[in-house]
Structures are given as structure tokens and as C-alpha cells.
Amino acid sequence: MYEVFGIAVPTPIILGSDSFNNSTFILQVFRDTTTSRQPMREARVSVMQKTSRVRYEKMDKVARITLNRPEVLNAMDLRTHEELAEIWDDFEADDDMWVAVLSGAGTRSFSVGQDLKELATREQAGTAAPSTFGSRGKPGWPRLTERFELSKPIVAKVRGYALGGGFELALACDIVIASEDAVFALPEARLGLMAGAGGVFRLTRQIPWKTAMGHLLTGRPMEARRAFELGLVNEVVPADALDECVENWVADIRRCAPLSVRAIKEAATASATMPLESAFATRYPWEERRMHSEDAVEGPLAFSEKRAPRWKAR
């Protein structure tokens, strides 16, 4: 029996390797307890689906972004971050995409965060600079955790482990749906590292201070039900119901006017730390667009005509 940040698992897991054949590097956190911002052309998207570390699919107003390294529990190396940056640029720029779903390939992990084997290799080679908060100057900047002006909604579909940078990705999403077997943790303190992709900042904002500090200072894991109780997760369902649950949330978002959704996210995010009076007085760019849009007329008209609205996102 093995433990992953204090959670027992039945088999050993090797992180940060491109193949299970390399069994020489097991992270210290595992122990044997017996011992350019233009929309991508569709052709490019198709190629990425087949060859990259991230699958990117666009259909019916929904972008589906899947971390695709299941053999290493979807650990994120530098190449993963580079690909994600291109994808987030494209998603934000493509007016036909109204919502994104972020998930991890396989059934064991959403993402266990940074590829620590790659980091250790770079440190041994002297090519890894000291690292602290944020990704400025690193491959993939700005990463999702620092895209503060990304106005489209992102739904995280979490199954299995969401650890370190994986948990930080979920914290940066707008809606989080988790399976009952999901486990969340920020174990950086156990590794001599820092939850520098926003974990320190977002967790203390999203749950009570002492609860957040308890997890940050110990690296203790949090199961899905506890995350739901604390308000970090919108819904917890059995693993076999996860896909359907996420699709229901996506369908509900798609029923709403896309400009309204973007304006709501922008205003809620920008005003979070403002005094209430300042929040009312501030002008929000996406709200300015919504106010003067055709959709702002279409909604009341469709209601009065007793029909479904036909949103144009303009």
C-alpha cells in the first residue's frame, strides 16, 4: 500500500515520467507504508488533439480542454503550459466559444500539478531559476491562474487527484464539479515549495482563513465532500454521473445570453475587493457591450413572445 500526500492508494505511482518503464524516480511524497492571440485554425486544433499534451476540441459553443498525460496523472511540464497558453488565447478570442470545460484524461487524476521530475532534472542541470509567485517570464505566461481578465466561464470537471498546481487550476475556474473520489491538496510545504500559482491567495479568499491555513501549512488533503461543504465545489456526484452533471451545468450556461455571462463574470471578479460604493460606480467593458447589444433587446422580446431567445453574442 502506498500513500499520496497521506491518501492511501493500492499501487505505486511514478510522476513526471513519460513512461511507466522508467521506474527510477519516485517522488519523495510517495512512500511505501509497508516500508499570438488569434483564434487557431481548425486544422491546428485537429493536430493538437493527436500529438500534444493537451486535447482541445471546439463544438457547439463549448471548448473542451483536457490535460492529456494520464500516465503521469496529468502532471504539467513546461510544454504543457506552452500549449495551454495558446489554447486560452484562442478560447478567449473565438466569439463562437461561450464556455470551456477543463478536465484531466483518465480516471485517476485531474492533475497533480507541476511535473516535479522535470523540475528536478532542470535543477540538477542548473537551468531552473529560483521560482516564486506567478508565471511571468516562464513558458506559458500568462497561465490560467493569472488570466485575470479572461471573461468567459470555465467549468472544472475534477475526478481523482487535484493536487498542487492542479488544485490551483480548479481554484481559478468559475464552477467546479467533482466526483466523489476527488481529492484536493496543496502539498507544496511538504516539498520545500510554494503554492505560487495562486493557491496561497485564492484558498484564503475562498474558504475561512483558519481552515485555509490549516491546509496550506500542513499539506493535508481535502476530500470532495469536504470541499463541497466549504464552498470550493459546486456539486459532488458519483464518478459515473460526472460527465452528465457537467453537461447539465454547461447546458444551463449556454441557455444564458453569452454577453450577460461575460459581463457578470467580469463585474463579479473586478469588484471582489472593492468597497460596495466603488463597485457600483465602476464601468465594466463587457457590461458596456451587453448594455448596447442586440441580445439585451432579444431577451425581453423572447419572453414577451413566449419563445426561447436566439442569442447572437452581439
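What you see is a predicted model, and the numbers here were worked out from it, not measured in a lab.
- Under the salt bridge (Lys or Arg N to Asp or Glu O under 4.0 Å) criterion, Glu82 pairs with no residue, sequence neighbours left out.
- Its side chain outside the 4.5 Å cluster rule for every partner, Val297 clusters with none of the Ile, Leu, Val, Met, Phe, Trp and Tyr residues.
- Partners of Ser278 under the side chain to side chain contact (heavy atoms under 4.5 Å, CB included) rule, at least two apart in sequence or in another chain, are Met274, Pro275.
- Between Arg122 and Asp77 there is no salt bridge, since no side-chain nitrogen of the basic residue lies less than 4.0 Å from a carboxylate oxygen of the acidic one.
- The pair Arg108-Asp181 does not meet the salt-bridge criterion, since no charged nitrogen lies less than 4.0 angstrom from a carboxylate oxygen.
- With sequence neighbours excluded, the residues forming a ring pair (Phe, Tyr, Trp, His ring centres under 6.0 Å) with Phe201 are Phe133, listed by chain and number.
- The pair Asp90-Lys58 meets the salt-bridge criterion, since a charged nitrogen lies less than 4.0 angstrom from a carboxylate oxygen.
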Salt bridge (charged side-chain N to carboxylate O under 4.0 Å, His left out) between Lys152 and Glu92: does it pass, once the steps are laid out? CA-CA 7 Å; Lys152 296 180 182 179; Glu92 179 72 357; 5.3 Å; no
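- Under the ring-ring contact (aromatic ring centres under 6.0 Å, His included) criterion, no residue pair touches residues 232-286, with sequence neighbours excluded.
- Under a 4.0 Å N-O distance rule, the pair Asp295/Lys312 does not qualify as a salt bridge.
- Listed by chain and residue number, Lys157 satisfy the salt bridge (Lys or Arg N to Asp or Glu O under 4.0 Å) test with Asp243 (two or more places apart in sequence, or in another chain).
- Listed by chain and number, the residues in a side chain to side chain contact (heavy atoms under 4.5 Å, CB included) with Ser304 are Leu301 (sequence neighbours excluded).
- For the pair Arg53 and Glu83, the salt-bridge criterion is not met [side-chain N within less than 4.0 Å of a carboxylate O].
- For Phe167, the ring pair (Phe, Tyr, Trp, His ring centres under 6.0 Å) criterion is met by Phe184, not counting sequence neighbours.
- With sequence neighbours excluded, the residues that form a salt bridge (Lys or Arg N to Asp or Glu O under 4.0 Å) with Glu305 are Arg307.
- For the residue pair Arg262 / Ser151, a side-chain donor-acceptor distance below 3.5 Å is found, with atom types taken as modelled.
- Take Ala268 and apply the side chain to side chain contact (heavy atoms under 4.5 Å, CB included) test, not counting sequence neighbours, and it matches no residue.
- Shortest non-hydrogen contact noted between Gly166 and Met76 is N-CE, 4.1 Å.
- With sequence neighbours excluded, the residues satisfying side chain to side chain contact (heavy atoms under 4.5 Å, CB included) with Pro309 are Glu298, Ala302, Trp311.
- Looking at residues two or more places apart in sequence or on another chain, you find no salt bridge (Lys or Arg N to Asp or Glu O under 4.0 Å) involving Arg202.
- Taking 4.0 Å as the cut-off between side-chain N and carboxylate O, Arg64 and Glu247 count as a salt-bridged pair.
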